[in-house]
Amino acid sequence: MVEDDDLTPNLMSNQVWRGNGEFVPPDGICWVSVLSCLLLACSYVGSLYVWRSDLPRDHPAVIKRRFTSVLIVSAMSPVFVWAWKMYTGVMSGPSLLALMGIRFEGLIPAIILPLLLTMVLFVGPLIQLAMDCPWGFMDGIRVTFDPWFWALCLSDMRWLRNQVVAPLTEELVFRACMLPMLVPCTSPSTAIFTCPLFFGVAHFHHVIELLRFRQGTLSGIFLAAVFQFSYTAVFGAYTAFIFVRTGHLVGPVLCHSFCNHMGFPALGVALEHPHRLTVLSCYLLGVLLFLLLLFPLTDPIFYGLPTPVCTLASVPSSLCVS
């Protein structure tokens, strides 16, 4: 029997559940969640600077040392989520790994569809690259399946950082660990736009190195930092959206790696391209198709309803339904 406000306390934890099954977050959970995310972000960025060195960030020795520290922090990041769950008393049906997007259900669609969606957005830059590439199509296919090509990539520390380690660790820490802590205190929609703020601010550490090695003027460095914050915040919101909709970590990681490979679209070059009309039309087509396919290709029905992180939502969200 349900009395008064139809609220039933769970004595085994500090949670409250409504009679209709909705989760009511404990008091003060938002402060704990935000502080946990802030501590996690500081730990990640701080791990990059535990090594004293006068070498620039792209030096192989610096990259190897940072690999070590950032992989340690990333491996420990699930402990933050576990400790948060224990402290707040938040209980969920899915396991801790499932909440962090590490699960088998819907894995194949999670590998293919988000990456396909991201490639659609980059139709313009991809067509532009194809036009400017001196190789033929078959040459590109041969290189793609050439083991020596991949051996060369794997021996390049910068390639490993940009295409493997950074996407994996950043998505694990800033999406897979932070979103389960933010969703219960806000909502999936709000968490999608809150989570990238930690991600954007974390990238401000590049300013320190630019100033340290005097790579540009003060105003130039500041403008570059503002642009990078804006770009990473928007990108972070996109991968957070993918994580909430699919409930998988692999999709955001692959999209992150692909975007790191492509870089920011070279709009200036596109405006001066010999086939400018064709290239710009492809840019526009990519954006339009991306907007049309954004929700269909991330429909939770492909990945298993409900996605684990959505089970933590205190109120129903349209992002969590098909």
Side-chain angles (χ1 to χ4, degrees), residues 10 12-17 21-26 29-30 32-41 43-44 73-107 109-111 114 167-196 198-199 236-237 239-256 298 300-317 319-321:
N10 184 334
M12 294 303 293
S13 67
N14 294 324
Q15 299 182 108
V16 178
W17 296 85
E22 287 183 16
F23 167 66
V24 181
I29 189 175
C30 284
V32 177
S33 297
V34 171
L35 289 175
S36 298
C37 290
L38 184 60
L39 179 60
L40 191 53
S43 299
Y44 185 92
V73 170
S74 299
M76 293 176 59
S77 60
V79 176
F80 282 78
V81 186
W82 176 83
W84 168 85
K85 284 185 66 180
M86 293 299 101
Y87 184 80
T88 59
V90 171
M91 305 295 290
S92 64
S95 66
L96 179 64
L97 289 179
L99 288 176
M100 295 171 58
I102 303 171
R103 60 195 182 105
F104 288 108
E105 185 180 9
L107 180 60
I111 292 172
L168 178 60
T169 59
E170 289 179 1
E171 294 304 321
L172 175 63
V173 170
F174 291 95
R175 247 66 71 186
C177 289
M178 291 190 182
L179 281 169
M181 294 191 286
L182 292 172
V183 165
C185 95
T186 57
S187 68
S189 301
T190 305
I192 281 173
F193 293 101
T194 304
C195 184
F198 297 99
F199 184 60
T239 54
F241 172 86
I242 291 174
F243 183 87
V244 169
R245 292 277 288 174
T246 68
H248 278 277
L249 173 62
V250 65
V253 170
L254 292 176
C255 293
H256 194 148
T298 59
I301 198 169
F302 294 126
Y303 313 99
L305 282 170
T307 55
V309 71
C310 284
T311 63
L312 298 174
S314 57
V315 293
S317 172
L319 291 177
C320 296
V321 297

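The basis for the numbers below is simple: all heavy atoms, side chains too, and nothing from hydrogens, waters or symmetry mates. It should be emphasised that the depicted structure is a prediction, and the values quoted were computed from it without experimental measurement.
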- Task: Apply disulfide bond (SG atoms under 2.5 Å apart) to Cys310 and Cys320, showing your working.
- Result: CA-CA 6 Å; Cys310 284; Cys320 296; 2.0 Å; yes
- Query: Is it true that a side-chain atom of Thr298 and a backbone atom of Ile242 form a donor plus acceptor pair closer than 3.5 Å?
  - Reply: no
- Check the pair Trp84, Ile29 against side-chain contact (heavy atoms from CB on, under 4.5 Å), reporting the backbone distance first and the verdict last. CA-CA 9 Å; Trp84 168 85; Ile29 189 175; 3.9 Å; yes
- For Thr239 and Arg175 the tightest heavy-atom approach is OG1-NE, 3.1 Å
- Would you please test Val34 and Phe198 for side-chain contact (heavy atoms from CB on, under 4.5 Å) and show each step? CA-CA 10 Å; Val34 171; Phe198 297 99; 4.2 Å; yes
- Item | Over all atoms of both residues, closest heavy-atom pair of Cys177 and Ser77 | SG-OG, 3.5 Å
- Query: Would you say Met178 and Phe243 make side-chain contact, with heavy atoms under 4.5 Å?
  - Reply: no
- Item | Which residues share a side chain to side chain donor-acceptor pair (under 3.5 Å) with Thr169, sequence neighbours left out | Tyr44
- Worked verdict on Val90 versus Leu312 for side-chain contact (heavy atoms from CB on, under 4.5 Å): CA-CA 8 Å; Val90 171; Leu312 298 174; 3.9 Å; yes
- Message: When you compare the side chain of Ser43 with that of Phe80, does any pair of heavy atoms fall below 4.5 Å?
- Response: yes
- Message: Quick one, Thr307 and Arg103 - any side-chain contact, counting heavy atoms below 4.5 Å?
- Response: yes
- Query: Of all residues at least two apart in sequence or in a different chain, which pass the side chain to side chain donor-acceptor pair (under 3.5 Å) check with Thr190?
  - Reply: Ser187
- Query: Where is the tightest heavy-atom contact between Ala237 and Ile192, given as atom of each residue plus distance?
  - Reply: O-CG2, 3.4 Å
- Query: So Met100 and Leu249, side-chain contact (heavy atoms from CB on, under 4.5 Å) or not? Walk me through it.
  - Reply: CA-CA 7 Å; Met100 295 171 58; Leu249 173 62; over 6 Å; no
- Item | Residue pair Glu105 / Gly304: nearest heavy atoms and the distance that separates them | OE2-CA, 3.4 Å
- Taking the side chain as every heavy atom from C-beta outward, state whether Val309 and Pro188 have any atom pair closer than 4.5 Å. no
- Message: What I'd like to find out is whether the side chain of Leu107 reaches to under 4.5 Å of the side chain of His248, using heavy atoms alone.
- Response: yes
- Task: Please name the residue in the list Thr194, Leu319, Val183, Val244 that meets the side-chain contact (heavy atoms from CB on, under 4.5 Å) test with Ser189.
- Result: Leu319
- Task: Quick one: closest heavy-atom pair of Gly106 and Pro109, and the distance?
- Result: O-CD, 3.3 Å
- Query: Considering all heavy atoms of both residues, which atom of Ala75 and which atom of Pro78 are nearest to each other, and what is their separation?
  - Reply: O-CD, 3.3 Å
